[in-house]
J.: 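Dropping the structure in here first, questions after.
In each ligand, atom 1 is the first atom listed, and ligand 1 is the first ligand listed. Note that the structure is predicted; figures quoted are calculated from it, not measured.
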Amino acid sequence: MQRIFSAIQPSGIPTLGNFLGALRNWVKLQDDHECIFAVADLHAITVWQEPAQLAQQTREIAASVIACGVDPGRSVFFHQSAVRAHAQLAWIFNCVARLGWLNRMTQFKDKAGKDRENASSGLYVYPNLMAADILAYHATRVPVGDDQRQHLELANDIAQKFNHDYGVAFFPPIEALVLGPAARVMSLRDGTKKMSKSDPSEQSRINLTDDAETIAQKIRRAKTDPQPLPGDPAGLDGRPEARNLVGIYAALADTDAVGVLREHGGQGFSAFKEALAERLVATLAPIAAETRRLLADPGTIDAILREGAERAAAIADPIVAEAERLVGFLRT
Ligand code: TYM
């Protein structure tokens, strides 16, 4: 059985993008994989997080992930800072990865923006920590949204260089699982920008905790163009907002753009948006309710994460200890 690793940052409320691009697939993969999932709080502090909020956000994200269907009985589920192996292996990888590789990372360029000199060095080496997250478990498959592809290519480069430099076949190759018709959900205000939990505009995203009225209102106001929906996917070229809404609908209805347009082609956006909002509410309302229920008992969430961290450490510690031995650290 192949081992899966994936993670989500506690840098805000999870969005529809997180759900369709990642969380929904995590849930399905539990049936036929050994799964390890984390709340990536070490990654979150690469940009400023209010200390008073970070712990609570970690709990909230954990509750959302469980409410989506990740089962902490079947899967290992924990928060990253509770397992030391991540930071230990990341340091070794900081010394394996080349500056030239990191300089090519588009997400760093996007996140650092114009004020690069003022970005944290953690933000720069963030992909090395991601590689450590996965490789500390010798995981081979990583379900993510499309935006993480480049980071996983880098993780493979790191694994290969480590193996080559130390003359071993220690770290396995990693396969990115970018699944479904909504692997890249775009902002509702701008179809060329990714939907993100850290976008300053609330109207740009659907949060997994939004109520029915908020979802309907955000979809109603979502940017579109004046044309009706085309009859086939070729007609979505040059219409990023239309393409985005069709992709979201396809994911929710378990079909593809062809299927959606067969049914809705020729329709104006107001009718289509109404149907889309209905589907969204049907999928997200039970998740929001379950998240609220879980958050009423933070002690239980903390206990789940604590137990998950113990199980995670039991897998990662021996692997990272072996990596340290290969590097040549003195073990007395
Ligand atoms: P994060 O927290 O930004 O997002 C969590 C997951 O959601 C996916 N995602 C999206 N998918 C489709 N459309 C979108 N608009 C969208 N926005 C986010 C992401 O691709 C991701 O799968 N660096 C990672 C967290 C991480 C990680 C790892 C992932 C840390 N260590 C190891 C995999 C393996 C991140 O920031 O995800």
J.: Not counting sequence neighbours, which residues clear side chain to side chain donor-acceptor pair (under 3.5 Å) with R239? List them please.
T.: D225

J.: Which protein residues have a heavy atom under 4.0 Å from ligand 1?
T.: F5, S6, A7, I8, Q9, G17, N18, G21, A22, A40, H43, Y126, M130, D133, I134, V142, V144, G145, D147, Q148, A182, A183, R184, V185, K194, M195, K197

J.: How many angstroms lie between atom CE of M130 and atom CD of Q148, to the nearest 0.5 angstrom?
T.: 4.5 Å

J.: Going by salt bridge (charged side-chain N to carboxylate O under 4.0 Å, His left out), name the residues that satisfy it together with E50, two or more places apart in sequence or in a different chain.
T.: none

J.: For K161, enumerate each residue passing the salt bridge (charged side-chain N to carboxylate O under 4.0 Å, His left out) test, keeping only those at least two apart in sequence or located in another chain.
T.: D165

J.: So does T46 get a backbone contact from the side chain of K111, meaning a donor-acceptor N/O pair under 3.5 Å?
T.: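 Not at all, since once roles are kept as given, no pair shorter than 3.5 Å links the two residues.
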
J.: Students often mix this up, so state it plainly: with edges at 30° and 60°, are the rings of F170 and F162 parallel, tilted or perpendicular?
T.: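 Rings of F170 and F162: tilted, as their planes differ by 30° to 60°.
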
